[in-house]
Amino acid sequence: MADMVRTRFAPSPTGYMHIGNLRSALYTWLYARHHGGKFILRIEDTDRNRYVEGATEVIYRTLKSIGMNWDEGPDVGGEFGPYVQSERKDMYLPYAKQLVEMGKAYYCFCTNEELDARRAAAAERGETFKYDKHCLHMDKAEVERRLAAGEPYVIRQNVPEHGEASFDDAIYGHIKVDCAELDDMILIKADGMPTYNFANVIDDHTMGITHVMRGMEYLSSTPKYNLLYDAFGWEKPVYIHMTSIMRDAQHKLSKRDGDAYFEDYLAKGYLKDAIVNYVALLGWNPGDDREFFTLDELVDAFDVSGMSKSPAIFDVAKLTWMNAEYIRRMSAEEFDAAAEPWYEKAGIAHMDKGVLRRILQPRLEIFSQMADITDFLTKMDEEFDIALFTNKKSKTNAEVSAKVLDMVIPALEALPAWDEESLHSLLIGMAEANGMKNGTLLWPVRIGMAGKAVTPGGAIEIAVLLGREESLRRLKLSRARLNAAL
RNA sequence: GGCCCCUUGGUCAAGCGGUCUAAGACACCGCCCUUUCACGGCGGUAACAGGAGUUCGAGUCUCCUAGGGGUCACCA
């Protein structure tokens, strides 16, 4: 038990799951599972102004859908609860007061307005503002008096003016900073709530978190947290700071570009497993050439030594490739099931599923491409440019095409069975009998039925999908339009 | 601006002092396959940010410069 790894994912409920957050959750979860430890979910809602209704449910739903289960959390409980920060509100003040008694923290009555003014003044002088410990020097009697009078106050950490604060990061190594650089951060806000920084330290310790994994934006404030651990005489956790995911070299993935949230990609038709797989590889590598991982395989392979120090740019093209690969690797049953809603949307659900699967599975990169790629099946552009009948490689032009269609249409009308095999032997047989390349015969037929240069599948598959009546209707119509070019 | 972190091809990245005339993947280009387009197969273009050291030897260690990111809130 003493060596049991305990990690935590501590999101604030803002409504959506950011891709970067998702990856942090994933790594944190993987670390715990890989080491046979516990994964704890804690909701950090100390900022009441930012609370979003239903946001916690989004977090639960997302994590569950991916398969990241938690051992302790607001909904499942646990012996270190409560797991919602606002419900722990009363736990923090005593710790802060304890620090005050030890001289490691102090009451501060400076108002926000005063501070803002001083900050602005410092900025004007081109200086970095740092709280001057003004209230630290207030005599005890006055502090007591103002407290008794009910004056609003905050509690600040008393950072030594000299010396060094440091910590060891599992990825970045030893990070140290001069205490003179550190500001006396607020531990308890005027509303009695702890700041994120303070709550984090207290919660992580009281919840027995052994490995603190979080974004690297906390790298520079972590030495300050360690001062708190030292003051309390607590054992420090192992720190593992994780890189951020970027849109490009200088910007993080952002809400504005509609590329930041897990939900965005789901809506665009990406598979959750592909997203998770791709994201897992952004900032971590298994040390070999493997790229495809199930969650279980990730648990097995995950290791801090494979985590990178520099931020990674999110490459949609690679995600798309990976998603396409996931689609191609689906079994027939899986593909049919996943495709069904998209077939409905595209209006082709009544067509031959076997043929659809065969032409679409290797071609779709994301399911949302379905409607576009199959649009000609539901409705041919009857005004299509008849120049499409001309194709050099297939040796076709308007004249050849007219000839081919004149020959093919009656033969198709006479074909007893309208199935793939019959269509295939008829058309290929005709090409051979007439000494034509397959392409010379099939090109006009495909164009005549599709009215489009690029189609998934060829003439035979399209004919099967459209059925005899519609195929012939289109071919006759196209043949008639060809007259204009002769 | 102060402080902290980072820096291998367009992107993800392997590399942990010699086997680097630097792997693999995506993207891109070419060829093959072929009933268009894909899929698949084969091949190609493309990188150690720059400069000083240390060393017999540096992508790998040190320092400097440059570039990028983070942070400096009663936000998390």
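Here is how names work: the chains are called A, B, and so on, in the same order as the sequence lines, proteins then strands, and each is numbered from 1.
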Q: Assess the pair Tyr172(A) and Phe167(A): is the distance between their ring centroids shorter than 6.0 Å?
A: no
Would you list the atom pairs, donor with acceptor, under 3.5 Å between side chains in residues 153-161 of chain A and any protein atom, with sequence neighbours excluded?
| from | atom 1 | to | atom 2 | distance (Å) |
| --- | --- | --- | --- | --- |
| Arg156(A) | NH1 | Asp184(A) | O | 2.7 |
| Asn158(A) | OD1 | Lys133(A) | NZ | 2.7 |
| Asn158(A) | ND2 | Gly103(A) | O | 3.0 |

Q. What nucleotide among rC5(B), rC74(B), rA73(B) has an atom nearest to a side-chain atom of Asn112(A)?
A. rC74(B)
Q | Closest heavy-atom pair and its distance - Met380(A), Gly451(A) | A | SD-N, 3.8 Å
(Q) Please tell me if Lys309(A) has a side-chain N or O lying less than 4.0 Å from either OP1 or OP2 of rC5(B). (A) no
Q. Charged N to carboxylate O under 4.0 angstrom, Lys236(A) versus Asp230(A)?
A. yes
Q) Counting just side-chain N and O atoms, does Lys189(A) come under 4.0 Å of either OP1 or OP2 of rC75(B)? A) yes
Q.
I want to verify a distance call: between rC4(B), rG69(B), rC74(B), whose nearest atom is closest to the Ile175(A) side chain?
A. rC4(B)
Q: Record whether the side chain of Tyr196(A) comes under 3.5 Å of the base of rA73(B) through a donor-acceptor pair of N or O atoms.
A: no
Report each atom pair, protein N/O against N/O of nucleotides 42-44 of chain B, whose distance is under 3.5 angstrom.
none

Q: Report which part of the nucleic acid Cys179(A) touches: base, sugar-phosphate, or nothing (heavy-atom distance under 4.0 Å, all strands).
A: nothing
**Q.** Salt-bridge contact Glu399(A)-Lys403(A) (side-chain N to carboxylate O under 4.0 Å)
**A.** no
(Q) Please report whether the ring centroid of Tyr95(A) lies less than 6.0 Å from that of His205(A). (A) no
**Q.** Positions of residues 150-160 of chain A (non-hydrogen atom under 4.0 Å from RNA chain B), listed by number
**A.** Val154(A)
Q) Tell me, for nucleotides 33-41 of chain B in 5' to 3' order, what letter each nucleotide earns: B for a base near a protein heavy atom under 4.0 Å, S for only sugar-phosphate near one, - for neither? A) -BBBBBSS-
Donor-acceptor contacts, no H, no angles, side chain residues 456-463 of chain A, under 3.5 Å, sequence neighbours left out:
| from | atom 1 | to | atom 2 | distance (Å) |
| --- | --- | --- | --- | --- |
| Glu461(A) | OE1 | Gly458(A) | N | 2.9 |

Q: Name the orientation class of the two ring planes belonging to Tyr261(A) and Tyr16(A) (parallel below 30°, tilted from 30 to 60°, perpendicular beyond 60°).
A: tilted
Q: Run the ring-centre check on Phe335(A) versus Trp342(A) and record whether the distance is less than 6.0 Å.
A: no
Q. Does rC72(B) pair with anything, Watson-Crick or G-U wobble, both distances under 3.5 Å, and if so, with which nucleotide?
A. rG1(B)
N/O to N/O distances under 3.5 Å, protein versus nucleotides 11-13 of chain B:
| from | atom 1 | to | atom 2 | distance (Å) |
| --- | --- | --- | --- | --- |
| rC12(B) | OP1 | Ile313(A) | N | 3.2 |
| rC12(B) | O2' | Leu281(A) | O | 3.2 |
| rA13(B) | OP1 | Gly283(A) | N | 2.6 |
| rA13(B) | OP1 | Ser308(A) | OG | 3.3 |
| rA13(B) | O3' | Asn285(A) | ND2 | 3.1 |

(Q) Salt bridge or not between Asp204(A) and Arg42(A)? Use side-chain N to carboxylate O under 4.0 Å. (A) yes
